[in-house]
> 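Below is a structure I'd like to ask you about.
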Amino acid sequence: MKFGVSTFVTDQGIRPAPLGRALEERGFDALFIAEHSHIPVERRTPYPGGGDLPEVYYRTLDPFVTLAAVATVTRRLLVGTGVALLVQRDPIITAKEVASLDLISDGRAVFGVGAGWNREEMENHGTDPSTRGRLMDERLRAIRELWTKEKAEFHGEFVNFDPVFQWPKPVQQPHPPIYVGGAGDAAFRRIAAVGDAWLANSGSPEELRPQIERMREVAGREVPVTLYAMPEDAEVAEGYQRIGVERALFYLPTMPEAETIARLDSMARIAARFQ
C-alpha cells in the first residue's frame, strides 16, 4: 500500500514548496489538496463534519497554483486535487489548468473531482445544486474531449462549444487519471463512465469493505481505491491494506512549517512499517 497526504494549504500554514520537498524527502507517494473558492458568510447548508466550519475552508490557496509550486521542487511526488469542485469551475479553463500542471510536473498530475456539499457556495457560481450531478458529468466529458482531441467540440445540456483548439495536451496518455470522490451509486456510476480510481472518504476498514465491493460491482471492473484522511494508526492502516486499498492519505492539519515537519515525521514512521 502506498502512502500520501491530504491537506488544506492556506495562507496560515506551511508554504507549498517546503511542503512538497518535505513529503518527497520522507518517501510519500502523493499530495492531494482541498479546494474551496470561498465560503458564504450566511449558510443554510450544515457542515458535514458537524459543528462550526473550520477556518481552513475559506483560506485555501488556489489548487493549481499550489500544485504547480509543489511540482517544481519535486521529481516523483504525485500532485492531485482532493477534490476540485468541478461544478463550480469552467470546464475549458479547468482542462487547460490540469494539462498545464501535467506538463510542468512531467506527467504527475491527478485530477480528483467531487460534486461538493455547500449549496450556497455552488449558487454563487451560478450552479443549481439540484442538477450538479448532471453538470459534473458533462464537464468531465467535455474536459476529456479537450485533452484528447486536436479539434474538440461538445454539445450537451450544460456545456456547449463548437470545434476548438486547446493546448497544451496532457503528458499522460490518454489523459491524467480522474479520481472520483463521493459515495453511493451516483458516484459509482460516474466512476464507471469516466473514472480511473475512487477517492473514498475516511471510515473504518469494516465500513469501507462493502462500499468497495459495491463500487466495483457498479463500475464493472477492479477500480483502484485511494482513501482520504486516514488516521495516524498502524493497525487501521493494516486493515485498509487487507481490503485492497491502493493508497492511504494521512490527513495533515494546516500548521506552520516546523509543526508540519514534526507531524510528517510521525506519519512517515507509520508508513515505513509497510515498506
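Residue numbers run from 1 in the order of the sequence given. Small disclaimer: the values here were computed from a predicted structure and weren't measured.
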> Should we say atom CZ of Arg15 is surrounded by more than 12 heavy atoms from elsewhere, each under 6.0 Å from it?
no
> Consider only side-chain heavy atoms of I, L, V, M, F, W and Y, link residues closer than 4.5 Å, and tell whether Val110 and Val5 are in one cluster.
no
> In plain terms, say whether Arg43 and Glu121 are close enough for a salt bridge, that is, a side-chain N and a carboxylate O under 4.0 Å apart.
no
> Mind checking whether Tyr251 and Tyr228 have parallel, tilted or perpendicular rings, split at 30° and 60°?
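Tilted: the ring planes of Tyr251 and Tyr228 meet at 30° to 60°.
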> Is there a path from Tyr58 to Val87 through hydrophobic residues (I, L, V, M, F, W, Y) whose side chains come within less than 4.5 Å of each other?
no
> Check the angle between the aromatic planes of Phe188 and Trp198 and answer parallel, tilted or perpendicular using the 30° and 60° thresholds.
perpendicular
> Quick check: does any side chain N or O of Trp167 sit under 3.5 Å from a backbone N or O of Glu150, one acting as donor and the other as acceptor?
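No; zero donor-acceptor contacts below 3.5 Å.
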> Kindly say whether Leu252 contributes a backbone atom to a donor-acceptor pair with the side chain of Thr7 at under 3.5 angstrom?
yes
> Between Glu97 and Arg89, does any side-chain N to carboxylate O distance fall below 4.0 Å?
yes
> State, to 0.1 Å, how close Pro205 and Ile243 come at their nearest heavy-atom pair, and which atoms those are.
O-CD1, 3.6 Å
> Answer with yes or no whether the side chains of Thr127 and Arg132 bring together a donor and an acceptor at under 3.5 Å.
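No pair is found: no donor N or O on one side chain lies under 3.5 Å from an acceptor on the other.
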> Of the non-hydrogen atoms in Asp102 and Val171, which two are nearest, and what is the gap between them?
OD2-N, 2.8 Å
> For the residue pair Gln88 and Glu35, establish whether any side-chain heavy-atom pair is separated by less than 4.5 Å.
no
> Can you give me the closest heavy-atom contact between Phe3 and Met230, atom names plus distance?
CE2-CE, 3.8 Å
> Do Tyr179 and Arg247 get their side chains close enough for a donor-acceptor pair, meaning under 3.5 Å?
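Arg247 and Tyr179 do have a side-chain donor-acceptor pair below 3.5 Å.
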> Do the side chains of Phe32 and Val245 join up, straight or via other hydrophobic residues, at under 4.5 Å, putting them in one cluster?
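No, separate clusters.
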> Looking at CD of Gln172 and CH2 of Trp147, how far apart are the two atoms once the value is rounded to the nearest 0.5 Å?
9.0 Å
> Considering non-hydrogen atoms only, spot the tightest contact between Gly13 and Thr254 and give its length.
CA-CG2, 3.9 Å
> Give a yes or no on whether the backbone of Pro210 and the side-chain of Arg214 come within a donor-acceptor separation of less than 3.5 Å.
no
> Which pairs pass salt bridge (charged side-chain N to carboxylate O under 4.0 Å, His left out) with one or both residues in residues 45-71, sequence neighbours excluded?
Asp11-Arg59, Glu55-Arg59
> Can you give me the closest heavy-atom contact between Ser202 and Ala229, atom names plus distance?
CB-O, 3.2 Å
> Less than 4.0 Å between a side-chain N and a carboxylate O, is that true for Arg44 and Glu123?
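Answer for the salt bridge query: yes.
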> Would you say that Arg139 contacts Arg134 through its side chain, given a criterion of any heavy-atom pair below 4.5 Å between the two side chains?
no
> Can you label the angle between the Tyr57 ring and the Tyr47 ring as parallel, tilted or perpendicular, going by 30° and 60°?
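Rings of Tyr57 and Tyr47: perpendicular, as their planes differ by over 60°.
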> Considering non-hydrogen atoms only, spot the tightest contact between Glu138 and Phe158 and give its length.
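Residues Glu138 and Phe158, closest heavy atoms: OE1-N, 2.7 Å.
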> So, using salt bridge (charged side-chain N to carboxylate O under 4.0 Å, His left out) as the criterion, who are the partners of Asp106 when residues are at least two apart?
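Salt bridge (charged side-chain N to carboxylate O under 4.0 Å, His left out) list for Asp106, sorted by chain: empty.
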> Show which side-chain atoms of residues 67-84 pair as donor or acceptor with protein atoms under 3.5 Å away, not counting sequence neighbours.
{"from": "Thr72", "atom 1": "OG1", "to": "Ala69", "atom 2": "O", "distance (Å)": "2.8"}
{"from": "Thr74", "atom 1": "OG1", "to": "Val70", "atom 2": "O", "distance (Å)": "2.9"}
{"from": "Thr74", "atom 1": "OG1", "to": "Arg108", "atom 2": "NH1", "distance (Å)": "2.8"}
{"from": "Thr81", "atom 1": "OG1", "to": "Gly112", "atom 2": "N", "distance (Å)": "2.9"}
{"from": "Thr81", "atom 1": "OG1", "to": "Gly112", "atom 2": "O", "distance (Å)": "2.8"}

> Given side chain to side chain contact (heavy atoms under 4.5 Å, CB included), test His155 with Asp162 step by step and report yes or no.
CA-CA 8 Å; His155 304 285; Asp162 290 328; 3.1 Å; yes
